[in-house]
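Predicted model only: the values in this text are computed from it and were never measured. Lettering of chains follows the sequences in order, A, B, ..., and the numbering in each one begins at 1.
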Amino acid sequence: MYVKKGNNIKMCHNHDSLKSNNKDLQEIEKQLSRRNFLTKTSMGLGAIALGSLLNAENAFASVKGNNIDVTKADALLKSYNKNRLGLPHHLPKAKRIVYLFQSGGPSQLDMWDYKPKLKNMFGQDLPDSVRQGQRLTAMSAEQTAFPMAPSIFNFKQHGESGAWASELLPYTSEVVDDLCFIKSMQTDQINHDPAITFMQTGNQLPGRPSIGAWLSYGFGSDNENLPTFITLITKNNGGQPLYSRLWGNGFLPTEHQGVQFRSGKDPVLYLSNPENYDGHDRRKMLDYLGQLNDLQYDAYGDPEINARMTQYEMAFRMQTSVPEVTDMSDEPDYIFDLYGKDSRDPGTYAANCLMARKLLEKGVKFVQLYHQGWDQHVGCPGGLKHQNKLTDQANAALIKDLKQRGMLEDTLVVWGGEFGRTVYSQGELTETNYGRDHHPKAFTMWMAGAGVKPGHLHGQTDDFGYNVEKDPVHVHDFHATLMHLFGVDHERLIFKHQGRRYRLTDVHGKVVKDILS
Amino acid sequence: MSCSGPKLPKLVEQAYEKLPKKVDFNQDIKPILSDKCFICHGPDKANVKAALQLHLPELAFAALESSGKFAIKPGNSNKSQLVHRILSDDPDIVMPQPESHLKLSDHEKALLIKWIDQGAKYDEHWAFIAPQNPQIPEVKLKEKQANPIDNFILAKLKTQNLLPSEKANKEILLRRLSFDLTGLPPSLSDIESFMNDHSPNAYEKQVDRLLASPHFAEQMTLDWMDLSRYADTHGYTVDRYRDVSPYRDWVIEAFDKNMPYDKFIHWQMAGDMMKNPTKEQILATTFNRLHPQNQEGGIIDEEFRSEYVADRTNLVGEGFLGLTIACAKCHDHKYDPISQKNYYELYSFFNNVNESGQISFDSSMPVPNMLLPKQEQEEFITYINGLIKNKEKAIDNIIISESKKAGQWLESQSYQKLNLKTWPSKLIAKVDFLNGSLNNALNPSEKGKMKRQHSPKQFPKIVNGFSDRGLELDGDAWLDLDRIGVFKRNQAFSIGLRIKIPEALENGVIFHKNIGTRIYNYRGYHLALKENKLEAMLAHFWPDNAIVEISTKEIPKNKWLQLTMTYDGSSKAEGLKIYLDGEELGTKINVDNLYKDIIYKQSNEPGLQIGARWRGKGIGGAVVDDILVFDKTLTPLEVVQISDVKQLQLIINKSAEELTLAEKEMLKEYYVSNYSKTYRSSMAELAAIRKTQVDSLERIQEIMVMKEMREPRETFLLELGQYNQYGERVYPNTPENILSFPDSLEKNRLGLAKWLTSKANPLTARVAVNRYWKNIFGTGIVRTVEDFGNQGELPTHPELLDWLAIQFIKSNWNVKNLHKLIVMSNTYQQSSYTSDVFLERDKTNRFLARGPSKRLSGEMLRNNVLAASGLLNRKIGGKSVKPYQPKGLWKINGSTYKEDKGEKLYRKSMYTIWKRSVPHPTIATFDAPDRSFCSVRRQETNTPLQALVMMNDPTYVEASRVLGYNMMSYSDPKAGISDVFKRLTGRSIKNEELNLLVDLQLHEFKKFKSKEYKTEGWLNTGEFRISDEYSKAMVAANAVVASTIMNSDAVITKR
């Protein structure tokens, strides 16, 4: 192991060398004493070497369970070492999150939002009193009629909570008592690009940081050898295109962007050394590099030299830790059986769910899965069968798996897409087939785990699944709530950019208290 | 401490005591007011709380509406409510309100109080006052003064008690200079000649050499590519490739020729509006079309069109004026004196482009665009256009001469013999629904079929037609006539049908040959009911590359009509006619600019479709009958024939004397068209030439440019920035608080361009010199390069900024001169050694007591290893290229990256393809912006992912191998290592460094020797192959040495 010498000794004790290289952060850092900095901060991927410094473990150890004595909670919060941003603002429930993003807009009407009265309205035109002049996409706006399409799938109630689920979801049906359904989600956007961008960044246009980037900025990492924010995408599934700004850092420092883990030899880009040049070889090379840089430090006195070497060391550790964490071979058969056959095939949704669990276990703060293909404009029944076959079992398995490991208590699981789908058929409606267009005014998401009421149902739509009748939850509210679960007041986690204070929820958002446990 | 003041809390009082004698509004007060107060009490009048605005003295000093008291009473802090509010402990009273999560520090409170005590004097915002030529400060350290820049810097250093540094070592300096000016490292011979040049102007010679290099122009262009949001793909979700490299190459050329910066802006903003614009002037305006454009099928056209206009407006703010104008899109600016109305006045300059918000779902170039023929293509087009003109003239003459014969024909009343039982000639399809058939009655193997979007099984509803049976349409399904009706724009054709339109139907397509509607921008043709009128369209790319005309009259409903559209293959609106019941309809021509073909050139070429279309409104409830397709232009008489043969019968029954003038004309035209052999053969020749012309134009590259609509579009303030919520009408104008728009300037983009660079404009020159300063020193004189407004940072050296701006203007906006001025300063040439004193007193080097140092950009890092290894391909310009990239990255966006081969792998980094949705990791990992919008300042981070790129990206591994291989030519390994070190770092190796690397080389060699398989990756990554003459172990060991150097600070950082 390369032993730092000479000026590099300084590196271990001088916080300067550990600082973010980002100029915008330096102001914040300046205000912190060296000691505070060392004990209270971690700076995301850029300075992951700082490790888990939030003292979160202690607090969590004592607040696990649902009944927290308020006075005790206050005391706990006070005993928290707040980090450089003053986080957490209040006691967090969630320590990490896995966000199962279903790209394209899954049909709430065929999966969760049971509308029995629609059966008798098959083929009838959507009443104007329901549509209320709402904007439609350019794909179906010119249809002469909007015939209503009741789901062809059978619905049943499940669990003690009696949550409705269609036959498309045999596995998730088994865990509904762990889930909190929000059937009253609403978004402002009706097309994919603006809607996904909105759901992931709180704004419909490119340029803002994604949720994961905000959390990385707020908290940094709990594992010094892995990125804070990791993205996994189902391989070869097709569908609406994705783009890396969805997990981008926007105007936050680049180190907070999501790192895409891919299946195959190089889970992280350029992780592998040149063929057959192994970790020992690289270690040796880095030792020489360190010494070379020491000489440069002697000549220039620039702390950036040490900061960069720290990143090389981090990269080196990632070369070991990433293959370790992405290696599934140590998983027992019953785990693969739980997640389903696909989970043995790296890059599938099921395998990504299993991978997500492993990453969370290792202290990754935010794992975001993307699964494309939920855009059922045509052939909705067939498309949904296929999609659920790929995802249902793995979703349920992830819940069960986290639960059996005791992780569900402080892991937030989120499932949902960027919008819902219309009750009317896009294109021709027949007894066995229909299409559904995008629908922003009502859709279903579910959350589970840390701080969220299990077996709970929030919000309600009308008999057409078209308008929210009770307890609407806007995307901004969802973001505010998500932040809340992490101990963050969404109005106070801000970043100043171009003279303006920005936050994930822009100038909106209310915490949905009703879903909090 | 003022005696009249309120009692201050202890900490505030302590802070008060420490304040300077005189509090300065711009320096001390405005930043507080802006940052902490303006959000509720600033320029955004719609969101002002308690009717109090603090950004102007007359508003701030006015009596408060609620109490009649005063927020600010100049000279009297006790009577100033502001003071009581900021000092209060009561959460209901204290300002800023607790909910805002904004807080004032004791120091800030003290400043505000002292400022009020001193009379609450307001000053104009520094950046909105045009720069005044400042006095160059006198300073003592004469030897440190190379030019006036140094005087300003030294004067400031003195106030900070800092001393300037020594000159940087020559090698280090040359490397710094080479990267800053060209993005490339110095070559060994560059280094050698500089080291051996002991003349007093040795350095200046290098500066001049580099400024004259075309690579200087490339480096300037790379900076401009961030600003102009240059990318090779459209952005948004679908994000397909479109080639705009000719624009980028124009920028390179402009910098290479040292085009004055004002002219450079004028051309890009409004080159198309100049007198007799050249191709280059128009090409420059691609600048304003580089914003992302959306291909997603469900979007509303106008929503995104307005987004594009907004993008251009925002760029003027951030790129040229250094203002966050974009903030005023939805409401008055919260911090700067820019109203929402100001925003839309600026917006109106850019709102007159005949473009679409939804661009075509293929690789067609959005409109408006310009053809970029190569020289031989240009010559050919001129030639063939000449041929067409001649032929058309000849035909005009033929018509005149043949008219005589027609006259004889008329006189002899031969027309009475016309056989009305047959159809006009060249009828190629007839669908009359006899017995319910949808097929072509002339050729029953051509089958018609009912289709509907995504629902192939459709059944026709056959009802009573005009004669016998007809087809009733439901508005969703259409009759698809398969390959019938596929016409190019050079082909003459006519289509007629009978139709009964229900009373209530106001819109819907009657017949067409398109795929959907806007999704392919109406490529093809159509006849449609549009607000009860008829619209005829031929389009390559709606709205600009098309012919669109609309009938002046509304058409009757609920009765049988016969409609005919005829077209003569001329690509002119004049040649496109519509007839109702045999009578030509008057039309208003909206667009007459068709210059590319109307077919798709794909396997599923659509044909004629009746009654509805994919994702488009059809004619539900209408009945159609007697669809006729001709592959010629029907003459008016023939239109009468197919419309109502009895009508024609009446005409031909007349004697020659009884015929009206119009009837005579119709008959003559009919005669020439049908009986004149010369006419017909000439028309056939014309058709053939037109075909050649049309086909040859198809291959010519297009590029998006700016083009003003004939009549400017009306612009309205958009409430909340919503595309369809119109507020008051606005007209072109500029924000009066920055600089009023003088009457002398044109109220259009050209005028705006001149306004930007007018001498009185306080911002453009400052913003430009500041950006160039930032490129060289790492930080701008105003750190917030993009924001010179109230929320931006103040300049560290305001006089220097002004002096530079004035020099820049005086030099006729000479970019090369400006760069020379900056790099010739002693300040630039200093060593960047960071002493403890500097670390403590000026860690970020804002005062420049030392030279700049900075991590190389992703582009420079890659250029460096390509140049050092000799792999670099120095070709300038051309299409972007695809160097090494890990497989499958583009898959998430539904596309495939196909790596280039050979020398394209080694182009300068600025030519690497820029896909907005999936940026190239070799470059993007090093903080490149995604270029979805204007970006003038890159982030600077330091991450492990960057280390992984440098260690393992094939680009770097391959270059290491090539360098390692080159080392083999040295018999002395030390010499080899020294050489590679110098190539990579630009400097001579030090002994300790050399010893270390020799040691490493030996170690690696031993290892590779005993385990040769370990050389695999080092020797075989990348395309470049080395010969077998040398020991694999040695080459690999050398490669590791080269890679180690590559990853060291001496390479990564420009010192």
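Using a 4.5 Å cut-off between heavy atoms, I1052(B) touches chain A through its side chain atoms alone. For I494(A), no part lies under 4.5 angstrom from a heavy atom of chain B. Neither the backbone nor the side chain of F926(B) comes within contact range of chain A, judged by heavy atoms closer than 4.5 Å. Contacts of D474(B) with chain A are made by backbone atoms alone, with heavy-atom separations under 4.5 Å and no side-chain atom involved. Only the side chain of F1008(B) comes within less than 4.5 Å of a heavy atom of chain A; its backbone N, CA, C and O stay farther away. Proximity to chain B is limited to the side chain of I233(A), based on heavy atoms less than 4.5 angstrom apart. Proximity to chain A (any heavy atom under 4.5 Å) is restricted, for E303(B), to the side chain, taken from C-beta onward. Of the two parts of I619(B), neither the backbone nor the side chain holds a non-hydrogen atom closer than 4.5 Å to a non-hydrogen atom of chain A. E307(B) touches chain A through its side chain: at least one heavy atom from C-beta onward sits under 4.5 Å away, while N, CA, C and O do not. Both the backbone and the side chain of T1044(B) come within less than 4.5 Å of a heavy atom of chain A. Both the backbone and the side chain of E992(B) come within less than 4.5 Å of a heavy atom in chain A. Contacts between T234(A) and chain B at a heavy-atom distance below 4.5 Å are absent for every atom of the residue. Contacts between N236(A) and chain B at a heavy-atom distance below 4.5 Å involve the side chain alone, from C-beta outward. Within the 4.5 angstrom heavy-atom criterion, only side-chain atoms of D489(A), from C-beta onward, approach chain B. Residue K1011(B): no heavy atom, backbone or side chain, is found under 4.5 Å from chain A. For Y1013(B), the parts sitting under 4.5 Å from any heavy atom of chain A are the backbone and the side chain alike. Using a 4.5 Å cut-off between heavy atoms, F933(B) contacts chain A through its side chain alone, with no backbone atom that close. For chain A, the nearby parts of E1016(B) are the backbone and the side chain; heavy atoms of each come within less than 4.5 Å. Residue T922(B) touches chain A through both its backbone and its side chain, counting heavy-atom pairs closer than 4.5 Å. Looking at A299(A), the atoms closer than 4.5 Å to chain B (heavy atoms on both sides) sit in the backbone and in the side chain alike.
Heavy-atom pairs under 4.5 Å with chain A peak, among I892(B), V238(B), T834(B), at I892(B). Between chain A and the options T517(B), V918(B), L889(B), N294(B), the largest number of non-hydrogen pairs under 4.5 Å is found for L889(B). Contact count versus chain A (heavy atoms, under 4.5 Å) is highest, among R615(B), Q791(B), Q458(B), for R615(B). Heavy-atom pairs under 4.5 Å with chain A peak, among V1041(B), D787(B), T1021(B), L996(B), at L996(B). The candidate from S34(B), G298(B), G475(B) with the greatest count of non-hydrogen atom pairs under 4.5 Å with chain A is G298(B). Ranked by heavy-atom pairs under 4.5 Å with chain A, the first of T1015(B), I1045(B), V1040(B), D999(B) is D999(B).
Remark: the R135(A) side chain and the N724(B) side chain contain no N/O donor-acceptor pair separated by less than 3.5 Å. For the residue pair D1049(B) and Q296(A), a side-chain donor N or O sits within less than 3.5 Å of a side-chain acceptor on the partner. A donor-acceptor contact closer than 3.5 angstrom links the side chains of D476(B) and T144(A). Judged purely by distance below 3.5 Å, without hydrogens or angles, the side chains of N1047(B) and Y312(A) pair a donor atom with an acceptor atom.
Ring planes of Y277(A) and W1018(B): perpendicular class, angle over 60° (limits at 30 and 60°).
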Evaluate the criterion side-chain contact (heavy atoms from CB on, under 4.5 Å) for residue pair Y300(A) and I172(B); output intermediate values, then yes/no.
CA-CA 12 Å; Y300(A) 288 96; I172(B) 293 296; 3.3 Å; yes

Check against side-chain contact (heavy atoms from CB on, under 4.5 Å), S917(B) and R245(A)
CA-CA 7 Å; S917(B) 57; R245(A) 68 178 148 81; over 6 Å; no

I would like to know whether K284(A) and H1003(B) meet side-chain contact (heavy atoms from CB on, under 4.5 Å); could you show each step before the answer?
CA-CA 9 Å; K284(A) 201 78 193 168; H1003(B) 174 269; 3.2 Å; yes

Verdict with supporting geometry, Q311(A) and L945(B), side-chain contact (heavy atoms from CB on, under 4.5 Å)
CA-CA 8 Å; Q311(A) 297 309 315; L945(B) 301 181; over 6 Å; no

Test side chain to side chain donor-acceptor pair (under 3.5 Å) applied to E428(A) and Q453(B), step by step
CA-CA 8 Å; E428(A) 198 174 31; Q453(B) 137 176 21; over 6 Å; no

Could you go through D281(A) and K1007(B), starting from their C-alpha distance and side-chain angles, then the distance that decides it, and tell me whether this counts as salt bridge (charged side-chain N to carboxylate O under 4.0 Å, His left out)?
CA-CA 9 Å; D281(A) 301 325; K1007(B) 175 173 71 195; 3.0 Å; yes

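Side-chain contact between T324(B) and R500(A) is absent, with no heavy-atom pair separated by less than 4.5 Å. No side-chain heavy atom of P194(A) sits less than 4.5 Å from a side-chain heavy atom of Y236(B). By the 4.5 Å heavy-atom criterion applied to side chains, R855(B) and R308(A) are counted as neighbours. Looking at heavy atoms from C-beta onward, E255(A) lies out of side-chain contact with N942(B) at the 4.5 angstrom threshold. With contacts defined as side-chain heavy-atom distances shorter than 4.5 Å, the pair Q240(A)/T237(B) qualifies. With a 4.5 Å cut-off on side-chain heavy atoms, K496(A) and D35(B) count as touching. Inter-residue side-chain proximity for N952(B) and S272(A) is flagged as unmet; no heavy-atom pair is nearer than 4.5 Å. The shortest side-chain heavy-atom distance between S853(B) and D302(A) falls under the 4.5 Å cut-off.
Ion pairing of E304(A) with K854(B) is absent here, as no side-chain N (NZ or NE/NH1/NH2) approaches a carboxylate O to less than 4.0 Å.
Under a cutoff of 6.0 Å and an axis angle of 45°, R916(B) and Y243(A) do not form a cation-pi pair.
With sequence neighbours left out, the side chain to side chain donor-acceptor pair (under 3.5 Å) criterion links T231(A) to no other residue. Judged as a ring pair (Phe, Tyr, Trp, His ring centres under 6.0 Å), and not counting sequence neighbours, the contacts of H438(A) are H192(A), H377(A), F419(A).
Rounded to the nearest 0.5 angstrom, Q257(A) CD and Q939(B) CD are separated by 9.0 Å.
Counting heavy atoms of neighbouring residues, nucleotides and ligands inside a 6.0 Å radius, atom NZ of K891(B) does not exceed 12 of them.
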